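Since the structure comes first, as structure tokens, the remarks are kept for the end.
Since the model is a prediction, treat every value here as computed from it, not as a measurement. Labels below follow one simple rule: chain letters A, B, ... track the order of the sequence lines, proteins then strands, and each chain is numbered from 1.
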Protein chains: 2
Amino acid sequence: MFVYFITMTEEKKDTEQTIKEAAKKIFLVNGLKGARMQAIADEAGINRAMLHYYFRTKDKLFEVIFSDAMTEMNQRMGAIITSDLPILKKIEHFVHGYSESAISNPEFDLFIINEFRQNPTYFDEMMKTSNAGTVIKGFASEIEKAIDKKEIVGNPNQIFLSIIALCIFPFAAKTMVRTMLGHSEKQYTKLLEERKDFLMQFIIKAITP
Amino acid sequence: MFVYFITMTEEKKDTEQTIKEAAKKIFLVNGLKGARMQAIADEAGINRAMLHYYFRTKDKLFEVIFSDAMTEMNQRMGAIITSDLPILKKIEHFVHGYSESAISNPEFDLFIINEFRQNPTYFDEMMKTSNAGTVIKGFASEIEKAIDKKEIVGNPNQIFLSIIALCIFPFAAKTMVRTMLGHSEKQYTKLLEERKDFLMQFIIKAITP
DNA sequence: AATATGTTTAACAATTTTGTTGATGCAAAT
DNA sequence: ATTTGCATCAACAAAATTGTTAAACATATT
């Protein structure tokens with residue numbers, strides 16, 4: 001009996017979790033309007049009515065997935081905070097940290113970029129209040145300070161933009177780049193792994209005086 | 001009478017053109033499934049039936065816009081071909097050429113990235129046959145040669161990926177970056193303009209021995 | 001065994017979106 | 001002035017998509 005209880009609870013959670021994972025997969029690729037509830041149900045291997053039973057509406061389900069994604073974004077950006085390291089070490093910490101989490105969830109980057117465009121006001125608000133917002137602005141101003149101290153050279157905004165471009169683009173445009181290079185999934189994953197180290201050398205060369 | 005004839009013809013073409021421009025705007029932001037015919041009609045300021053009158057179905061209308069986008073992509077990538085310049089000049093030519101065309105059509109980049117993901121096989125095919133495909137592979141192999149000749153240093157694929165990341169990302173993730181930097185549309189446009197020159201210095205420093 | 005509780009499903013209803021058609025207008029040709 | 005041919009629109013029909021419900025099912029509690 002006790003065993004049954006555990007089993008049942010686990011299976012219940014499993015359904016909800018299964019739906020969330022399926023929904024994440026579909027929403028991340030198709031966006032809110034582009035996604036179909038049936039596609040999510042198929043992905044989860046369950047009846048479509050279950051989606052409504054657990055999450056009421058498409059919008060509410062999306063909201064859950066979206067919040068999770070935001071939390072993840074805050075965590076990723078949090079990788080920058082490492083208090084009192086010199087700027088190059090800080091950049092290195094960010095590059096490695098970002099790459100690590102992007103490798104484990106490579107669909108995420110493009111989703112965020114798309115959502116930003118579709119819902120700019122939401123993110124405007126978020127930048128003012130959230131962890132990510134503070135971190136990003138802090139990072140940008142640290143770059144500025146380092147330039148003042150002649151530790152690195154260039155325009156602060158351009159440098160900031162370049163660093164995140166080099167980090168994010170390989171994941172956001174994964175399929176495109178992979179196709180351009182004629183790489184298999186495996187080859188490209190290897191490229192991304194190796195990139196962590198390549199990038200630091202590349203960036204350091206580019207910004208040190 | 002002659003004047004009337006001209007006027008009428010122009011207005012007819014205008015409607016079709018108006019629809020195409022509106023459709024481009026909507027499809028580029030929302031994708032095929034995410035776009036709504038009513039949204040396109042509203043954007044064009046005409047009755048929705050007109051879309052069907054001129055283009056039959058949503059799919060066919062999308063196909064037209066998509067083909068145009070592919071043509072543009074081929075043209076952009078063609079900016080690389082400048083026959084016998086040294087590698088750094090060739091890169092410079094690409095960076096400037098790409099930035100120029102991206103500034104005039106900034107929604108395009110993210111659209112292509114998204115379509116690549118949604119329809120990988122289509123692009124796989126395209127890379128084998130099209131202008132863009134040849135150009136991209138040629139560019140990648142030129143970088144490889146230059147590395148052999150010790151003109152530049154690094155891994156060829158990483159360098160190729162880095163160059164296109166630095167060029168494309170600022171447009172693809174425009175809204176995101178703009179929000180992160182707290183820039184207005186105007187400020188960000190200025191940043192993109194200035195970036196043409198910044199980028200070349202950045203890239204040269206990063207890849208010369 | 002009977003009951004209660006939450007889960008699942010198929011069928012249905014409502015809504016949204018796409019696609020069609022017949023009536024109307026408008027300029028050019030006769 | 002009448003006719004012709006295309007463009008436009010409002011209203012309608014069809015299809016796709018989302019949301020609801022009542023009944024069946026499973027499992028734990030009594």
Taking salt bridge (charged side-chain N to carboxylate O under 4.0 Å, His left out) as the cut-off, I'd like each qualifying pair that reaches into residues 179-192 of chain A, sequence neighbours left out, listed once.
A:K174-A:E185, A:R178-A:E185, A:K190-A:E194
Measure the distance from CZ on A:F55 to P on D:dT20 and round it to the nearest whole Å.
16 Å
Assess, by modelled atom type and distance only, whether the side chains of B:E125 and B:T129 contain a donor and an acceptor separated by less than 3.5 Å.
no
Write down the distance between CD1 (A:I26) and P (D:dT17), rounded to a whole number of angstrom.
13 Å
From CE of A:M50 over to C1' of C:dT7, roughly how many Å is that when rounded to an integer?
6 Å
Here the distance between atom C1' of C:dA10 and atom CD1 of A:I46, to the nearest Å, is 15 Å
Identify, with sequence neighbours excluded, every residue that meets salt bridge (charged side-chain N to carboxylate O under 4.0 Å, His left out) alongside B:K25.
B:E43
Which residues share a salt bridge (charged side-chain N to carboxylate O under 4.0 Å, His left out) with B:D124, sequence neighbours left out:
none
Using whole Å, report how far OH of A:Y54 lies from P of C:dG6.
12 Å
Residue set satisfying salt bridge (charged side-chain N to carboxylate O under 4.0 Å, His left out) with A:E21, at least two apart, ordered chain then number -> none
Can you give one letter per nucleotide of nucleotides 16-21 of chain C, going 5' to 3': B for a protein heavy atom under 4.0 Å from the base, S for sugar-phosphate only, - for none?
-SBBB-
Using whole Å, what does the distance between atom C1' of nucleotide D:dT20 and atom CG of A:L51 come to?
14 Å
Restricting to salt bridge (charged side-chain N to carboxylate O under 4.0 Å, His left out), what partner residues turn up for B:E144, sequence neighbours left out?
none
Does C:dT7 have its OP1 or OP2 closer than 4.0 Å to a side-chain nitrogen or oxygen of A:T15?
no
Whole angstrom is fine here: how far is it from CD in A:Q17 over to P in C:dT7?
15 Å
